[in-house]
Amino acid sequence: VDAASAKRAEEAATMLVKCLDGLALRLVQTALSPAAAMTAWLASGEAPAGFSVDRECELKSADEMKSVVRYARHPLDTEEVRAHVVTGGKQPTRLALTWKGRVSFVLTDSLQIKKLSVDDGLFDAGARHGGDEGFDADAAIATGELRELIPDLIAALDGELAPA
């Protein structure tokens, strides 16, 4: 759901459940929290297979100061960033990633995917059709990419926890 707030996304999900009889939705819970995974990726300088760390990040401290460091358009494989995470105790709350060079997004510590962007090169075939056909082709391409991205992201977070 392309929504800026969790409340808007919840409203959309509620409408879907009302419209589609028998549909049940639940939030995905992963074995490894996104914050812990992002911390490990920044500390080691290595993203999981298929992913690369981009140039945007937000780090927050857990102490009473709640200090925040934001990086935008900045390399994150530096000692400065690593020091904030390893010795400064700051945890990533947002981290920009790219999956297989095709889909860029920002992962949050609550497992939200924001600023989703599919590589324009994937849409070349759809652009030739134009109109409704072009839109349908673009939607199918984007959906296909997300269909592959989501399981890879869940796997990078050590898999999905079984529902309680």
Side-chain angles (χ1 to χ4, degrees), residues 1-6 8-9 12-13 16 23 25-60 69-86 90-163:
V1 175
D2 186 15
S5 71
R8 294 276 186 212
L16 273 174
L23 178 66
L25 301 176
R26 63 178 175 75
L27 294 174
V28 173
Q29 298 289 322
T30 55
L32 183 62
S33 76
M38 292 185 296
T39 299
W41 301 338
L42 286 174
S44 70
E46 290 188 33
F51 291 87
S52 60
V53 173
D54 288 344
R55 299 169 58 91
E56 181 180 336
C57 178
E58 179 179 272
L59 305 169
K60 284 188 180 177
V69 176
R70 287 186 186 95
Y71 291 96
R73 296 177 302 277
H74 190 282
L76 300 177
D77 58 352
T78 65
E79 283 305 315
E80 175 187 353
V81 173
R82 198 167 286 113
H84 278 298
V85 173
V86 175
K90 291 181 179 66
Q91 285 201 325
T93 55
R94 300 169 58 92
L95 181 63
L97 299 165
T98 295
W99 173 75
K100 294 187 176 180
R102 301 189 320 229
V103 180
S104 298
F105 60 97
V106 173
L107 179 65
T108 71
D109 57 349
S110 60
L111 196 51
Q112 291 179 336
I113 296 174
K114 297 187 173 229
K115 296 185 177 183
L116 186 66
S117 173
V118 179
D119 180 34
D120 288 340
L122 297 173
F123 294 115
D124 287 345
R128 284 182 250 139
H129 298 291
D132 289 342
E133 288 178 4
F135 174 81
D136 291 347
D138 289 352
I141 290 167
T143 302
E145 291 299 308
L146 290 175
R147 187 174 183 190
E148 293 180 37
L149 163 67
I150 300 299
D152 282 0
L153 181 57
I154 290 171
L157 299 170
D158 288 347
E160 185 175 1
L161 291 178

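For the numbers below, each heavy atom of this structure counts, side chains included, while hydrogens, waters and symmetry mates do not. Computed from a predicted model, the values in this text were never measured in an experiment.
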Problem - Any residue meeting salt bridge (charged side-chain N to carboxylate O under 4.0 Å, His left out) with E46, in chain and number order, not counting sequence neighbours - result: none
Practice task
Would you give the length of the straight line joining atom CD of Q112 to atom CG of L107, rounded to the nearest 0.5 angstrom?
Solution key: 9.5 Å
Practice task
Please list, chain by chain and in numerical order, all residues satisfying side chain to side chain donor-acceptor pair (under 3.5 Å) with S110, sequence neighbours excluded.
Solution key: T108
Practice task
With sequence neighbours left out, write down each residue that passes side chain to side chain contact (heavy atoms under 4.5 Å, CB included) with L27, or none if nothing qualifies.
Solution key: Q29
Fill in the blank from the handout: side chain to side chain donor-acceptor pair (under 3.5 Å) filter on D54, not counting sequence neighbours, yields T98
Fill in the blank from the handout: Taking every heavy atom of P92 against every heavy atom of D109, the minimum-distance pair comes out as O-CB, 4.0 Å
Exercise for the section: Considering non-hydrogen atoms only, spot the tightest contact between A47 and V53 and give its length. Expected result: CB-CG2, 3.9 Å
Completion exercise
Hits for side chain to side chain contact (heavy atoms under 4.5 Å, CB included) against R82, two or more places apart or cross-chain, chain-then-number order -> E79, V86
Exercise for the section: Give every residue pair that meets the salt bridge (Lys or Arg N to Asp or Glu O under 4.0 Å) criterion with at least one member in residues 152-161, sequence neighbours excluded. Expected result: R26-E160, K100-D152
Exercise for the section: Work out which heavy atom in F105 is nearest to a heavy atom in I113; give both atom names and the distance. Expected result: CB-CG2, 3.6 Å
Practice task
Hey, could you give me the CD/CH2 distance between E148 and W99, rounded to the nearest 0.5 Å?
Solution key: 4.5 Å
Exercise for the section: Return the minimal non-hydrogen interatomic distance between L76 and C57, and the atom names on each side. Expected result: CD1-CB, 3.6 Å
Practice task
State which residues pass ring pair (Phe, Tyr, Trp, His ring centres under 6.0 Å) with Y71; sequence neighbours excluded, sorted by chain then number.
Solution key: H74
Practice task
Would you indicate whether the side-chain heavy atoms of I150 and V28 approach each other to under 4.5 Å?
Solution key: no
Problem - Rounded distance [0.5 Å steps], OG in S33 versus CG in L111 - result: 10.0 Å
Problem - Qualifying residues under salt bridge (charged side-chain N to carboxylate O under 4.0 Å, His left out), relative to K114, sequence neighbours excluded - result: none
Completion exercise
Taken in chain and number order and not counting sequence neighbours, the residues that satisfy side chain to side chain contact (heavy atoms under 4.5 Å, CB included) with Q91 are A35, T39
Exercise for the section: Mind listing the closest non-hydrogen atom pair of V103 and L116 along with its distance? Expected result: CG1-CD1, 3.5 Å
Exercise for the section: Starting at NE2 of H84, measure out to CG of L42 and round the result to the nearest 0.5 Å. Expected result: 11.5 Å
Practice task
Please identify each residue that fulfils side chain to side chain contact (heavy atoms under 4.5 Å, CB included) with P75, with sequence neighbours left out.
Solution key: R55, D77, T78
Problem - CD on E56 to NZ on K115, rounded to 0.5 Å - result: 3.5 Å
Exercise for the section: Could I get the full list of salt bridge (charged side-chain N to carboxylate O under 4.0 Å, His left out) partners for R70, not counting sequence neighbours? Expected result: E58
Handout entry: Closest contact, heavy atoms only, A156 versus W41
Key = O-CZ2, 3.9 Å
